[in-house]
Number of protein chains: 2
Amino acid sequence: MPVTLKELAARARVHPSTISRVANNDPSLRIAPATRTRIETLLRETDYRPNGVARGLKLRQTFVLAVVIPDVTNPFFAALFRGVEDGASSRGYNVLLCNTDGSPERQRSHLLSLHARRVDGIVLASSYLKDPTVRWLRHQAIPYVLVNRFSDEAQDPFVGSDDLVGGRMATQHLIQLGHRRVGHLAGKATVSTGVLRRRGYLAALADHGLEVDSHLITESGYTEEGGARAAERLLTAPNRPTAIFAVTDMTAVGAWGAARRMGLRIPEDVAIVGYNDIPLASRLVPGLTTVHVPIHEFGSAAARLLLEQIETGDAIRRRVIFNPELIVRGSTVAGTDAPAGLRPIAALATE
Amino acid sequence: MPVTLKELAARARVHPSTISRVANNDPSLRIAPATRTRIETLLRETDYRPNGVARGLKLRQTFVLAVVIPDVTNPFFAALFRGVEDGASSRGYNVLLCNTDGSPERQRSHLLSLHARRVDGIVLASSYLKDPTVRWLRHQAIPYVLVNRFSDEAQDPFVGSDDLVGGRMATQHLIQLGHRRVGHLAGKATVSTGVLRRRGYLAALADHGLEVDSHLITESGYTEEGGARAAERLLTAPNRPTAIFAVTDMTAVGAWGAARRMGLRIPEDVAIVGYNDIPLASRLVPGLTTVHVPIHEFGSAAARLLLEQIETGDAIRRRVIFNPELIVRGSTVAGTDAPAGLRPIAALATE
DNA sequence: TTGCGTTGAACAAACGATTGTCCTATCTTA
DNA sequence: TAAGATAGGACAATCGTTTGTTCAACGCAA
């Protein structure tokens, strides 16, 4: 068992509170230099560290944050988590990671658990539109930030990108390349990113006077497999699209695989655009054209927003919106991939 | 502020301990049925949940585990984490995630912090050989499990695979394909996986009466970039290898990229074998031949070992060793990749 | 009516730390 | 020398639960 204040007090023949004050360098403490050094050496010898649980109870602060995401196995969320941890660990916080696998039920039970644990703040990246769990969260006295997806327009502290602009940008790129039949692998109608990116897609069509063909839009969900199936539906249809805008990179990767399996050349037979710019996007051959968003910054910005709320003690409704940016690669324009010698290498991947 | 026992006690006109006993369904409690239902409805109405921090202090158990890894952005560790969480969350545990970026200093400070927080157990997947932090850990009264890498032979609870056998298997495969000059991108001499896989490589050479050429072995570390640089060194040398065994898949991916940039065909000009079988390995074209280990099971087995120690209350020195398995793909044998229509699709990747 | 067994809860002591307040020597100053 | 100031810590309450022990009131039998 680790040493406690009481034990140290007994050994130093002083009151526990004195030890605590020395350990915490309490400026209000007046103490004889001799006593101080005696206590300090004792602290050092025993390698004393205050019990974080007791400390958390007394201070009403646990120095623990939590990140709730669908699945850390998805590179997008892994990078997001790193952003949060990098922003928080230097300030003495540890971070819990909760995977929901997209289940509202699991999300709910995780949040209840985190609340009971009195974590100091929650980063929620798995929320749905009009999410009841988010509503519940608003009434709890616990700082939180929604990331990437929001639940109700402009209600909650939020970090993300402008998905409408991004979706428009991606679609416009395809249209400007001459494509007239542009398909869309749509996200769910219950998720903000799905709705907005689809709206961006429609806006781009309208911008260029193209008619909406509902057969060109199909829901793919957010999984690679969903993307593959949806792409197969689109590409085997009578009047198939010559280009596809997928709601996320993972979905695009699914489409990418489906196209290859069907013997279609990318980008000659079908062009593909994704969203998020995960590392995998640049590793495919041809590279995946995609809408870049600063994933790591999503996380660190969320951490900042959380810490600000924790430190000031009141809820901040600020929204941080990053501008999405189109990255053109070989999946839409042949020969665009960086020349061999200069091909960027994803950095820092240990073991 | 969430409701406390004391407040509920005031409202129900009973003692806090009575509320606690009702909430916890204490069998030793004798109580009038009327009082019980009165309290139960109160609990339901207020949605009472005991303060986890106070509970942790009293029970000396926090129901928090921690996973310490180099970098969750690496698919290997992301999958490992999922294994741990899947094994632990159903039992009421939450899991902290700590990234060390391979820095012993960060690892040490994370462990000190986790110890102060009184987490119930630690999964450590970033340890070094003769790691001082692991030595420290042995003297603390906190359950821990080393995963994938060990620190000192057979000293600690451990989950991993037989890296010597795996390394031998990978190298033997190349030799049996007819390669006589087989290079090795070696891990660090300070990490067990690095040492053992290299030893496996040497053993396979010896098995087949091949001489060791020290120019064919070069340290790559565990990053993709390290793998690329190391592969370039090997492949530009006068008497270059016709095959390469890389210590991990990420390293192999680096080599894979380097070979492509140099205009070498895989596997005709250079064959490549990796280790771990991360999802990316099967997504490359050609697919990466690799040594499969059950990453997710590493995590869930580690969680089981931890929970067992926590529940029984004493340290278990058990070691769980999985058998590695060779997965042959196109990076060593042309045409081995699954036929188009049957190509497996990595499942479940949300957003 | 006295005594005893039950019932139904109340009491109180932890778990370790933090922090505002109080107390007792020792010193200073008039 | 008496009074006030100051230095150096001790005291004690508190954070919210859990749990072994105690206790009052009631019912029942002798």
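Lettering of chains follows the sequences in order, A, B, ..., and the numbering in each one begins at 1. Just the heavy atoms: all of them, side chains too, but no hydrogens, waters or symmetry mates, feed the values below.
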Check your understanding: Say you draw a straight line from CG of A/Asp156 to CZ of A/Arg135; how long is it, rounded to the nearest 0.5 Å?
Key -> 10.0 Å
**Study point:** Sugar-phosphate only, base, or nothing, as touched by B/Ile31 at under 4.0 Å among non-hydrogen atoms
**Key:** sugar-phosphate
Check your understanding: Of all heavy-atom pairs between A/Phe63 and A/Gly92, which one has the smallest distance, and what is that distance?
Key -> CB-O, 3.8 Å
Practice item. Name every residue in residues 37-66 of chain A that has at least one heavy atom under 4.0 Å from any atom of DNA chain D, in order of residue number, or write none if there are no such residues. Key: A/Leu57, A/Lys58, A/Arg60
**Study point:** Nucleic acid contacts - residues 6-27 of chain B versus DNA chain D, non-hydrogen atoms under 4.0 Å
**Key:** B/Lys6, B/Ser17, B/Ser20, B/Arg21, B/Asn24
**Study point:** Side-chain heavy-atom pair B/Leu96, B/Val67 within 4.5 angstrom cut-off
**Key:** no
Judged by modelled atom types alone, do [X] and [Y] share a side-chain donor-acceptor pair under 3.5 Å?
X: A/Ser103; Y: A/Asp101; value: no
X: B/Asp86; Y: B/Ser300; value: no
X: B/Asp131; Y: B/Gln107; value: yes
X: B/Thr193; Y: B/Asn148; value: no

Study note, to complete from the structure: chain B reaches DNA chain C, atoms under 4.0 Å from its heavy atoms, from C/dT7 to C/dG16
Check your understanding: Got a donor-acceptor contact below 3.5 angstrom from the B/Arg317 side chain to the B/Phe158 backbone?
Key -> no
Check your understanding: Any donor and acceptor pair, going by atom type alone, linking the side chain of A/Asp152 with main-chain N or O of A/Gln155 inside 3.5 Å?
Key -> no
Practice item. Establish, for the pair B/Arg149 and B/Tyr222, whether the NZ or CZ atom is under 6.0 angstrom from the six-membered ring centre and no further than 45 degrees off its axis. Key: yes
Check your understanding: Is any side-chain N or O of B/Ser28 closer than 4.0 Å to OP1 or OP2 of D/dT19?
Key -> no
Practice item. Please report, rounded to the nearest Å, how far the P atom of D/dG20 is from the CZ atom of B/Arg30. Key: 14 Å
